[in-house]
Amino acid sequence: MKTILTGIRPTGNLHLGHYFGAASNWLKLQDDYDFFLEIADVQALTDNFHQPEKLASNVFLLAVDLLSIGIDPKKVHIFVQSKIPEIAELTIFYSNLVTMSRLYRNPTVKTEIQQKKALFGQQGESVTYGFVGYPVSQAADITAFHGELVPVGEDQLPLIEQCREIVRKFNSIYGETLIEPKPLLSETPRIKGLDGAEKMGKSLGNAIYLKDSEEEIKKKIMGAITDPKKIQKDDPANPDVCMVYYYHKLIHNENLEVVCKECKKGERGCVQCKKELIQKMLEFLKPIQEKQKYYYEHKEEVYKILEDGRKVAKEKAEQTMKDVRHSMKIDY
Ligand code: ATP
Ligand code: MG
């Protein structure tokens with residue numbers, strides 16, 4: 001059985017970007033692989049070190065979300081990164097195998113630094129060693145479990161490439177020890193935000209969360225970007241530039257063809273179209289939210305699942321660490 005490792009940062013709840021961009025794929029894969037699913041609190045600290053309480057509450061909420069979309073803890077080892085100190089140890093060893101200029105060239109890190117500058121102005125300028133180095137720690141996440149496949153959204157591809165480079169370098173210096181992982185993308189690997197931005201992201205304020213209330217869903221969808229050229233209700237419009245149509249498509253509205261045709265012919269106003277999407281979205285979220293409610297009321301069950309996941313993850317990471325120390329000749 002091949003091993004899968006993937007992760008998610010406890011910086012907020014799951015949103016549609018996670019669900020359709022990555023997690024829907026996890027649901028399909030969970031039957032056929034030895035699956036490690038990491039709640040990456042240490043990575044989240046790299047840009048949230050000043051607000052650790054945010055992560056503490058989000059670890060629980062995120063675990064609830066994962067269970068509520070159908071991740072089965074009997075099949076998937078869900079665990080928290082900081083509970084596996086071997087990952088931190090590996091990170092230190094790998095940090096010698098990466099140059100600073102290579103880290104700064106990582107396209108995802110570059111984009112995220114730019115986003116921080118845009119969001120926080122001057123404050124965003126001060127990028128920490130930990131943040132620039134998070135791809136190294138992510139390489140440790142993957143290799144600690146000998147992850148062969150890493151199912152992720154498109155923004156993660158440069159990080160996996162960087163992990164592959166680290167693995168090759170490690171193996172060439174210390175001897176064949178680690179497995180080079182391969183990324184695995186879903187059919188929709190980059191989900192756009194409500195504002196039309198290329199990525200829906202927790203840190204970008206443009207997301208529909210799986211736990212959003214009816215009020216929040218209404219407000220967000222009513223404010224979503226539509227074709228700016230459509231002024232009057234009966235003007236024909238281009239659904240391909242409309243976020244409302246985009247989400248109709250995403251949640252597989254069975255009337256999609258009608259929505260598209262009417263939109264192009266000017267036979268449907270944006271308000272009507274948004275109201276229909278709100279209804280469809282609420283229907284889509286209902287079963288997930290029912291499960292969320294169950295887990296919010298059964299906290300111990302959630303923490304027990306995380307503890308069970310930790311045990312399996314710990315055992316595997318300890319073995320990897322032994323092999324790594326042996327290869328590096330530091331098992332004295
Ligand atoms: P943050 O802004 O804190 O980094 P995030 O929304 O980017 O949060 P992550 O925890 O970094 O979420 O990502 C978890 C997984 O979800 C990754 O595999 C990532 O590629 C995927 N993902 C996140 N947002 C999207 C999106 N908009 N489209 C496709 N995949 C996504
Ligand atoms: Mg991210």
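Whatever order the structure lists them in is the order used to number ligands and atoms, beginning at 1. Computed from heavy atoms alone, side chains included, the values below leave out hydrogens, waters and symmetry copies.
Taking the six-membered ring wherever Trp is involved, the centroid distance between the rings of F284 and F20 falls below 6.0 Å.
A distance of 5.0 Å separates CD1 of I330 from CZ of R325, quoted to the nearest 0.5 Å.
The side chain to side chain contact (heavy atoms under 4.5 Å, CB included) test with Q292 singles out one residue from I69, L285, L210, and that residue is L210.
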Output, or 'none' if empty, a list of ligand 1-protein atom pairs in which both atoms are N or O and the distance is under 3.5 Å, rounded to 0.1 Å.
unit_1	atom_1	unit_2	atom_2	d
ligand 1	2 (O)	S203	N	3.3
ligand 1	2 (O)	S203	OG	2.7
ligand 1	3 (O)	R9	NE	3.1
ligand 1	3 (O)	R9	NH2	3.1
ligand 1	3 (O)	T11	OG1	2.7
ligand 1	3 (O)	S203	OG	3.2
ligand 1	4 (O)	R9	NE	3.0
ligand 1	6 (O)	H15	NE2	3.1
ligand 1	6 (O)	H18	NE2	3.0
ligand 1	6 (O)	K202	N	3.1
ligand 1	7 (O)	K199	NZ	2.5
ligand 1	10 (O)	R9	N	2.9
ligand 1	10 (O)	K202	NZ	3.1
ligand 1	12 (O)	H18	NE2	2.9
ligand 1	18 (O)	G153	N	3.2
ligand 1	20 (O)	G153	N	2.9
ligand 1	20 (O)	D155	OD1	2.5
ligand 1	24 (N)	M200	O	3.3
ligand 1	27 (N)	I191	O	2.9
ligand 1	27 (N)	M200	N	3.2
ligand 1	27 (N)	M200	O	2.7
ligand 1	28 (N)	I191	N	2.8

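Applying the ring-ring contact (aromatic ring centres under 6.0 Å, His included) test to every pair with at least one member in residues 294-317, sequence neighbours left out, gives these pairs: F60-Y303, Y294-H298.
Heavy-atom minimum distance, K316 versus F36: CD-CZ, 3.7 Å. Minimum heavy-atom separation, A237 to K230: CB-CD, 3.5 Å.
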